[in-house]
Peer 1: 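If you scroll down you'll find the structure; I have some questions about it.
Each ligand, and each atom within it, is numbered from 1 in the order the structure gives.
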Amino acid sequence: MAPAPSGGHDHQGCIDRALSRAEKLCGERGVRFTPLRRQVLALIWENHEAVKAYDLLELLKPFDPSAKPATVYRALDFLLEQGFIHRVESLNAFIGCSDVGRRHEILLLICDRCHTVEERAASSVMAAVAAEIASAGFRVRYKALEIHGICTVCAAREDSV
Ligand SMILES: [Zn+2]
Ligand SMILES: [Zn+2]
Ligand SMILES: [Zn+2]
């Protein structure tokens with residue numbers, strides 16, 4: 001995982017926003033935003049690429065040499081539970097949620113070149129999917145649409161070669 005720039009936007013703004021919103025929500029919910037949980041969230045937000053648990057463990061070690069896989073998984077469970085991050089099932093990895101604070105359906109656009117994942121709300125699409133699922137009488141455990149392809153940055157890079 002390279003500390004890549006993310007599509008020419010103010011990414012520090014993304015990081016600051018994500019951390020301060022998480023901090024605020026933890027306060028409102030009365031749950032503890034421990035330094036470790038904060039650190040793991042910050043590492044996930046280092047860029048918009050999906051990151052795997054074992055990569056997080058390596059990234060965490062400089063901050064916490066005693067970190068173990070269970071340390072990372074417990075922190076990830078907390079962050080998932082609070083809705084601060086999403087699991088990307090098809091990559092077995094995680095991304096920061098760009099719309100924390102409410103339960104929402106997600107459409108993930110996953111770039112197969114740079115592994116950047118863009119989250120879209122797609123509420124009308126998801127409503128149609130929900131209606132279809134309901135008519136099938138199916139009980140949903142987890143719902144996310146994951147679409148693989150090439151992002152605009154990688155596509156532009158390809159065109160310029
Ligand atoms: Zn960003
Ligand atoms: Zn989200
Ligand atoms: Zn890309």
Side-chain angles (χ1 to χ4, degrees), residues 1-29 31-34 37-53 55-56 58-60 63 72-133 140-161:
M1 202 188 75
S6 301
H9 66 282
D10 168 26
H11 187 60
Q12 190 58 46
C14 296
I15 298 173
D16 294 346
R17 201 159 45 241
L19 291 177
S20 65
R21 285 169 94 181
E23 182 130 48
K24 184 167 174 280
L25 283 167
C26 283
E28 287 170 12
R29 293 169 181 170
V31 294
R32 291 201 323 127
F33 197 38
T34 61
R37 289 165 172 176
R38 187 191 179 85
Q39 189 62 56
V40 171
L41 185 60
L43 290 171
I44 291 172
W45 268 105
E46 201 138 290
N47 51 44
H48 290 274
E49 292 170 32
V51 54
K52 291 177 187 289
D55 290 329
L56 279 171
E58 289 310 308
L59 292 167
L60 192 61
F63 302 97
V72 172
Y73 283 111
R74 271 198 304 269
L76 287 171
D77 281 346
F78 173 84
L79 297 172
L80 283 167
E81 217 167 85
Q82 298 300 322
F84 299 159
I85 61 172
H86 293 301
R87 191 194 303 275
V88 185
E89 297 274 350
S90 57
L91 297 178
N92 191 23
F94 303 88
I95 55 156
C97 172
S98 43
D99 190 16
V100 296
R102 60 178 191 90
R103 293 258 161 222
H104 57 284
E105 314 294 353
I106 49 170
L107 170 64
L108 299 179
L109 303 181
I110 302 161
C111 179
D112 290 325
R113 294 281 153 77
C114 67
H115 293 151
T116 290
V117 179
E118 186 185 350
E119 177 178 355
R120 312 286 294 216
S123 45
S124 60
V125 175
M126 291 314 235
V129 172
E132 197 63 36
I133 293 167
V140 176
R141 179 180 58 84
Y142 169 80
K143 179 166 49 150
L145 281 182
E146 302 188 1
I147 311 291
H148 285 256
I150 310 290
C151 75
T152 52
V153 177
C154 289
R157 198 171 292 147
E158 221 159 71
D159 291 344
S160 67
V161 180

Peer 1: Would you say Glu49 and Thr116 are linked by a side-chain donor-acceptor pair, where the criterion is simply a distance under 3.5 Å?
Peer 2: no
Peer 1: Quick one: the SG of Cys97, the Zn ion (ligand 2), OE2 of Glu119 angle, rounded to 10°, please.
Peer 2: 140°
Peer 1: Got a list of side-chain donor-acceptor pairs under 3.5 Å for residues 146-154, not counting sequence neighbours?
Peer 2:
| unit_1 | atom_1 | unit_2 | atom_2 | d |
| --- | --- | --- | --- | --- |
| Glu146 | OE1 | Ser90 | N | 2.8 |
| Glu146 | OE1 | Ser90 | OG | 2.5 |
| Glu146 | OE2 | Glu89 | N | 2.8 |
| His148 | ND1 | Asp112 | OD1 | 2.7 |
| His148 | NE2 | Ser90 | OG | 2.8 |

Peer 1: Charged N to carboxylate O below 4.0 Å: is that the case for Arg21 and Glu23?
Peer 2: no
Peer 1: Under the 6.0 Å and 45° cation-pi test, does Arg37 pair with Phe78?
Peer 2: yes
Peer 1: Short of 2.8 Å from the Zn ion (ligand 3), name each protein N/O/S atom, waters not counted.
Peer 2: Cys111 SG, Cys114 SG, Cys151 SG, Cys154 SG
Peer 1: Identify, by name, the N, O or S atom of His11 lying closest to the Zn ion (ligand 1).
Peer 2: ND1
Peer 1: Please calculate the NE2(His9)-the Zn ion (ligand 1)-NE2(His48) angle and round it to 10 degrees.
Peer 2: 110°
Peer 1: Would you check, one step at a time, whether the test ring-ring contact (aromatic ring centres under 6.0 Å, His included) holds for His115 with His48?
Peer 2: CA-CA 8 Å; His115 293 151; His48 290 274; over 10 Å; no
Peer 1: Quick one: side-chain hydrogen bond (donor to acceptor under 3.5 Å, both in side chains) partners of Gln39, sequence neighbours excluded?
Peer 2: none
Peer 1: Identify, with sequence neighbours excluded, every residue that meets side-chain hydrogen bond (donor to acceptor under 3.5 Å, both in side chains) alongside Arg32.
Peer 2: none
